[in-house]
Amino acid sequence: MGVPALLTCSIIGLVLVSSCLAGFNDQFTEVWAPENITPDDATNSVTIRLTQTAGAQFATVNSFLYGYFSANIKLVAGNSAGTVSAFYLTSYDTNHDEIDFEFLGNETGSPVIVQTNIFVNGVGGREDRIYLWFDPTTDFHNYSVVWNHEQVTWLVDGTPIRIYKNIESVLPNSYPSHQAMGIAHSIFDGSSWATRGGAVPCNWEYAPFLLTFKDFAYDGCTVNSNDITPCTSASNYQSNWWESAQYQSLSSAQVSQLQQVHQEYQIYDYCTDQTRYPTPPAECSYNAI
Ligand SMILES: *[C@@H]1O[C@H](CO)[C@@H](O)[C@H](O)[C@H]1NC(C)=O
Ligand SMILES: *[C@@H]1O[C@H](CO)[C@@H](O)[C@H](O)[C@H]1NC(C)=O
C-alpha cells in the first residue's frame with residue numbers, strides 16, 4: 001500500500017476514503033511491462049498497450065475464492081488482428097485454476113471473438129466462442145464473472161453468455177473450489193493463432209494497440225495467508241451475496257437470453273467438437289441449456 005496515497009487520504013478526510021483505497025497501487029500490481037501500463041486514478045481506469053516489443057499485464061494484489069468480478073472494458077480500436085486481450089481469474093500454483101474472458105482481435109470492421117475457458121487443476125481445453133451483438137471497440141461494456149459454490153456465470157452487459165456447474169460430487173477435480181485466484185488484465189501478441197486461426201498476424205504499422213479497463217467491481221472472499229477455510233466452510237460463506245439463490249442457477253429469463261446467445265452468436269463450443277472430443281466431456285450435459 002503506497003504511503004503517498006495514505007497520506008493524501010488522511011488529509012482529504014474520511015469521506016473520500018473509499019475512493020482513495022481504490023487507487024491503482026492499492027488494488028493492483030504490475031506483472032509485466034510497466035512501461036505499457038497507464039493507470040488513471042482520477043477516472044479509476046487503466047490503459048494497457050501492446051507494442052512489437054511487449055504486451056502488458058496487471059493483476060490484483062488480493063486473491064479470492066469465490067465472488068463477483070466485473071469491469072468495464074473498451075477493446076482495441078481499428079485493426080486489432082493478431083492481438084489477444086484478456087480479463088481473467090487465475091491462481092498462481094502449478095496445476096492452476098483459471099476462468100477466462102479472451103478477446104481475439106480482428107481487421108477493421110470484422111468481428112472480434114470472445115473466447116471463454118475454464119481450467120481446473122491445470123486442465124483447460126473448454127473453449128467457447130461467440131461474436132458480440134455490439135461493437136466492443138467504440139464504448140465501454142461490462143464483462144463479469146460470478147463464481148460461487150454452485151456455478152460460474154460469465155456475463156456481458158448483464159446477459160449470461162455461459163455457465164459452468166459445480167459437479168465435483170460426481171466428477172472430482174472438475175470445478176475451481178480449492179485455489180484462490182487473482183484477477184489479471186493483459187494484452188499480448190497472438191499472431192500465431194488468434195485471428196482466423198493465425199492467418200492474420202499483428203500488423204505492427206497499427207501499433208501500439210491500446211485497451212482500457214475501468215470501474216473495477218471486485219467483491220469476493222479474500223484469502224489471506226493461504227487459509228481458504230473462511231471461504232469454504234459453509235457457516236462462513238453462505239451469507240455472501242454472490243452465493244445467494246439468484247446466482248446459483250439462471251432464472252427462466254436468463255435461460256432464454258443464453259439460448260439466444262447460443263443460437264445467434266455462438267461460433268464454437270468444445271462440447272460439440274467431435275474431432276477433439278469424440279465423447280463429449282462429462283460436464284457438458286450438466287452445462288447444456
Ligand atoms: C456491470 O453490470 C451489472 C449488471 O449485470 C451491474 O450490476 C454492475 O454494477 C456493472 N458493473 C460495472 C462495474 O459497471
Ligand atoms: C475475423 O473476421 C472473419 C471474417 O472476416 C471471421 O471469420 C473471424 O471469425 C473473425 N474473428 C477472428 C478473431 O478471427
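Indexing begins at 1, ligand by ligand and atom by atom, following the structure's order. None of the values given here were measured: they were computed from a predicted structure. Numbers here are sequence positions counted from 1.
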Only one of Y218, F64, W147 passes side chain to side chain contact (heavy atoms under 4.5 Å, CB included) with L89; say which it is.
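Output: one option passes, namely W147.
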Would you list the pairs meeting salt bridge (charged side-chain N to carboxylate O under 4.0 Å, His left out) in which at least one residue belongs to residues 74-100, sequence neighbours left out?
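Matches after skipping sequence neighbours: none remain.
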So, for Y247 and W241, is the gap between ring centers shorter than 6.0 Å?
yes
Counting the benzene-type ring for Trp, do F24 and F58 have ring centres under 6.0 Å apart?
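Centroid distance F24-F58: below 6.0 Å, so yes.
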Strictly under 4.0 angstrom, heavy-atom based: which residues surround ligand 2?
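Residue list for ligand 2: L104, G105, N106, S110, P111, I113, Y131, A194, T195, R196.
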What residues form a salt bridge (charged side-chain N to carboxylate O under 4.0 Å, His left out) with E150, not counting sequence neighbours?
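Listed in chain order: nothing, the list is empty.
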Set of residues satisfying salt bridge (charged side-chain N to carboxylate O under 4.0 Å, His left out) with respect to E283, sequence neighbours excluded
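Applying salt bridge (charged side-chain N to carboxylate O under 4.0 Å, His left out) to E283 gives R126.
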